[in-house]
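A short worksheet on the structure shown next.
All values below were derived from every heavy atom in this structure, side-chain atoms included, with hydrogens, water molecules and symmetry-related copies excluded. Numbering of residues begins at 1 and proceeds along the displayed sequence.
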Amino acid sequence: MAEFGHTVIGIEPDESKLRAFREGKLPFFEPGLEESLSKAVKSGNLTFQSAHTESSRNAHAHFICVGTPQSEGSYAANTTYVFSAGAELARWMSPNSVAIGKSTVPVGTAAELKKQMSEVAGFEVDLIWNPEFLREGTALNDSLHPDRLVVGGGTPNGISILKEVYAPIVKAGTPIVEMDLQTAELVKTAANSFLATKISFINAMAEIAEVSGADTVKLAEAIGLDERIGKQFLKTGIGFGGGCFPKDIRAFISRAEELGVGDALDFLRDVDAVNLRRRQRVVDLLNKELGTVAEKKIFILGAAFKPNSDDLRDSPALSVAFKLKALGANVFIHDPKAGEGVGKLHPELNVVDNLAEGFSMASAVVLATEWDEYKQIDPEVSGTLMAQKVVIDGRNVLEVEKWRNAGWKIYALGRSVANEVGGQ
Ligand code: UGA
């Protein structure tokens, strides 16, 4: 918003994050975002407060961007933060301003929020649901150049404020799809569920390919050329993780059950199960290859749930690391950006800063996050550091022939697994 030239106030109750933001520093890694934050803070366009003050009364638009994590012990989304942020905001809203919800919420949340906020405010709060589709790793660009704006609910005044706020995006001709609150909430969960389903579909094909000798990467290329299918989100490997897909499909299942139509989303349970089986597949392959992983040293390349991020939430890489650890393996893990976070949050895992050090200790290597620097690894050079050259490519980014020619046994998930197992 500050990039668009607006005057923005960010509300951040966490003291240490607040301090960082005020200094123009990000408490996490996201390419380009710290530069943008620092520029906005310096320009005075962006300031931060720990809570609302009188200045909130002058704002034309209020964005609700808090998280909706998975609830402890259930599939449901925890919407507490949305309701508490909304109730607090309602005390400071002026009747001609608009509240704009960005958080991913179960269908029906926004209508209830509008009711509760209106009670607190003493007038009918103008609430628009405007889901966010940015991806970590490309967040800034996705936010500044979205492929659509979804606008759920709102009065003509609220919608016109929203369009002013997004003026550069509107001017660029970005499609704006107006709808009711419920549909806007569903657009987000449906989009994430569809994308997660695509990934699990190709990973289900990988299960077939791994026992039949077929190549899922080629398969994805061929079916992806059909425009009706499309080539994106058909990358096979150890599956999806992060703070969005896993919890969003579970929250959707949970909400459908609450609404009495649980059967409609039964397939998402399979999407989740296929995804989780991919992580176990890595462990099974290592057990088979090494006899047992107990007391073996396994070097994992990557900890973040995807490259260009240091986000460790529901990371497939970490999940594999913990499974191996539980079986008695000695796990070493490297990540260009998330290493420090792993060291702090999971001291039981050994973080390695130097790739050569990791290779020289390992009985087997697992590529779990496709950072560019891992794609550049020279199999000849790294091979000289290892006694037994075994690698599992969990993201299908290594050149199988090149690694094989350098004397490696390479299990590329969904591709060369059957060949390697057959060759044993
Ligand atoms: C996802 C959606 O793509 C965004 O549109 C959405 O706004 C966001 O969730 C959200 O709900 O906030 P994100 O989780 O940041 O974005 O990242 P993705 O690029 O979607 O990747 C998610 C996971 O799927 C990663 O672990 C990635 O490695 C995996 N993935 C992705 C695959 O395994 N195969 C693919 O072909 C694509």
Is any side-chain N of the basic residue among [X] and [Y] closer than 4.0 Å to the acidic one's carboxylate O?
| X | Y | result |
| --- | --- | --- |
| Arg278 | Glu210 | yes |
| Asp372 | Lys375 | yes |
| Lys235 | Glu370 | no |
| Asp266 | Arg269 | yes |
| Lys296 | Glu289 | no |
| Glu12 | Lys17 | no |
| Glu3 | Lys39 | yes |

Please tabulate, one pair per line, all N/O donor-acceptor pairs under 3.5 Å involving side-chain atoms of residues 26-34, not counting sequence neighbours.
| from | atom 1 | to | atom 2 | distance (Å) |
| --- | --- | --- | --- | --- |
| Glu30 | OE1 | Gly137 | N | 2.9 |
| Glu30 | OE2 | Gly137 | N | 2.9 |
| Glu30 | OE2 | Thr138 | N | 3.3 |
| Glu30 | OE2 | Ala139 | N | 2.9 |
| Glu34 | OE2 | Leu26 | N | 2.7 |

What distance do [X] atom [atom1] and [Y] atom [atom2] have between them, rounded to the nearest 0.5 Å?
| X | Y | atom1 | atom2 | answer |
| --- | --- | --- | --- | --- |
| Thr47 | Phe21 | OG1 | CZ | 13.0 Å |
| Glu227 | Ile229 | CD | CD1 | 11.5 Å |
| Leu186 | Lys188 | CG | NZ | 13.0 Å |
| Ile64 | Ile128 | CD1 | CD1 | 11.5 Å |

Checklist entry - Is NZ or CZ of Arg313 both nearer than 6.0 Å to the six-membered ring centre of Phe305 and within 45° of the ring axis? => result no
Next on the checklist: Show every ring pair (Phe, Tyr, Trp, His ring centres under 6.0 Å) that has at least one partner inside residues 220-274, sequence neighbours left out.
Outcome noted: Phe240-Phe245
Polar side-chain atom of [X] near backbone of [Y] as donor-acceptor pair, under 3.5 Å:
| X | Y | answer |
| --- | --- | --- |
| Asn130 | Val150 | yes |
| Asp314 | Gly242 | no |
| Tyr374 | Gly302 | yes |
| Glu185 | Gly108 | yes |

Item to check | Heavy-atom side-chain proximity of Val391 to Val366 below 4.5 angstrom | outcome: no
Item to check | Pair Phe332 and Phe299, ring centroids less than 6.0 Å apart | outcome: no
